[in-house]
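Report on the structure given below.
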Amino acid sequence: MLSRDGEPDKPLGRMDGGTLPPPPSTKTELPAPYGPWMEIAHDLPQLIASHRLRSHVHQMPQLSARHLRGREELHLAHLVLSFITMGYLWQEGEEGTVKVLPQNLAVPFWEVSQALGLPPILCHADFVLANWRRKDPDGNLDTIISLPGAESLRGFILVTLLVEKAAVPGIKAIVQAIHAILQLDHETLHKALQELAEAIGDMTKALARMHDFVDPAVFYAVIRIFLSGWKDNPAMPGGLVYEGVSDEPLAYSGGSAAQSTVLHAFDELLGIRHSEESSAFLRRMRQYMPPPHRAFVEEIRRAPPLRQHVLSSGDARLRAAFNRCVCALADFRSYHITIVTKYIAVAAAKAKAGRAEPGDGPAAGKPPSALETKGTGGSHIFSFLKSVRDTTREGVISA
Ligand code: HEM
């Protein structure tokens, strides 16, 4: 569905897979003994639509994760088991949840999660970072595992991936910037900041592709619930018992791009300080990143502070380049709020109006109401997003 040319190709469009770094897993199938997991995972949209996923999971043999070899297979297993888990939980919508994840799913999911240092729930690293493959030599991309939502779901995952891809030169620029600070090399630092600002601008452009590929009604009524977690979610107030793992229910936040390393890394480099409440949420989201990503963000935090360096240099050119990064980041966050308004607030209002007029609602499914004002990560959406955007703007260094 995504191609090198970057030009729309009806009905869904084609986009450039280009120079994407390898996903955590380049494999798309687990070894043969894990066939029962793969079979279910590849059939999730159909099994969920026909309300048969739970019975298929109950019949699944209990397989040990011990035979998975290396991080590639572990990441693929986490992707597969997290998608099956989300499907199992939300198959009957927010009013038909279960309190227990059966042992034959819960135990291997727990084992794989422990081995990777990830929580036993779908994370951004599963949903996006590990969930893409090249469909053909032209660079067309596709997802590996799917959920209900058809082309909109695929578009949502792959556009988010393209935002991550656009961030790659920015991530490289962070490393260059830190080296340049240590070597007092203002020329290289200036260049790195220019590259960072450009990368953030490109991320905003990539984010705009959401409009081309994702139908708001499908996103809101069909897709979103499958990303929802069992922490701070009124539809699952008691959490979830992972049978064979813990007798007490456990609570985990749902998948959210707030778990992407990229903006955490930019914030740390630019010395953006969010409000206590927003920082607490974002810090919690770091626990849903692969440990090496988390360590990268922490390392940037410990590096010599860029902002201080720019301030004390008295170099107007450096200050301007720094401020362009901060403004680009605030602009990305403003544009993200526009997207969230369209895909959640406006879509929720339309879904409500549809509920009031029977027969007029989205044909695709019954929209969830528990998360009308909350993100899948569990945040109070707009106060959180606006606070984070505004504190970003406050990071500008005035002349
Ligand atoms: C239809 C598309 C999208 C919607 C509806 C959406 C929605 C949300 C919501 C509701 C939150 C609040 C946190 C939570 O509870 O989950 C959030 C946070 C966040 N989202 Fe998105 N999002 C979308 C696309 C993206 C994309 C493509 C990215 C880029 C990778 C992204 C990056 C972020 C970040 C970094 C945060 C944390 C807040 C911040 O640092 O500014 N989002 N998003």
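Counting starts at 1 for both ligands and their atoms, in listed order.
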Ligand 1 to [X] polar contact by distance, N or O atoms, under 3.5 Å:
| X | result |
| --- | --- |
| Arg333 | yes |
| Ser260 | no |
| Thr160 | no |

Salt-bridge contact Glu73-Lys27 (side-chain N to carboxylate O under 4.0 Å):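 Lys27 and Glu73: salt-bridged.
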
Contact partition for [X] relative to ligand 1, non-hydrogen atoms under 4.0 Å:
| X | value |
| --- | --- |
| Met285 | neither |
| Arg389 | neither |
| Leu207 | side chain |

Short side-chain to backbone donor-acceptor contact, Asn131 and Ile145, under 3.5 Å: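 Side chain of Asn131 to backbone of Ile145: a pair is present.
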
Steps toward side chain to side chain contact (heavy atoms under 4.5 Å, CB included) verdict (Asp331, Arg393): CA-CA 9 Å; Asp331 290 348; Arg393 280 217 195 287; 3.2 Å; yes

Trace of the ring pair (Phe, Tyr, Trp, His ring centres under 6.0 Å) decision for Tyr88 with His58: CA-CA 10 Å; Tyr88 185 90; His58 295 151; 5.6 Å; yes

Tyr34 and Trp37 aromatic ring geometry - parallel, tilted or perpendicular at 30°/60° bounds: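 Rings of Trp37 and Tyr34: tilted, as their planes differ by 30° to 60°.
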
Geometric class of the Tyr242/Trp230 ring pair [parallel <30°, tilted 30-60°, perpendicular >60°]: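 The arrangement is tilted - the two ring planes meet at 30° to 60°.
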
Ligand 1 atoms in contact with Ala258 (distance to a heavy atom under 4.0 Å):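 Under 4.0 Å from Ala258, ligand 1 has these atoms: 19 (C), 34 (C), 36 (C), 37 (C).
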
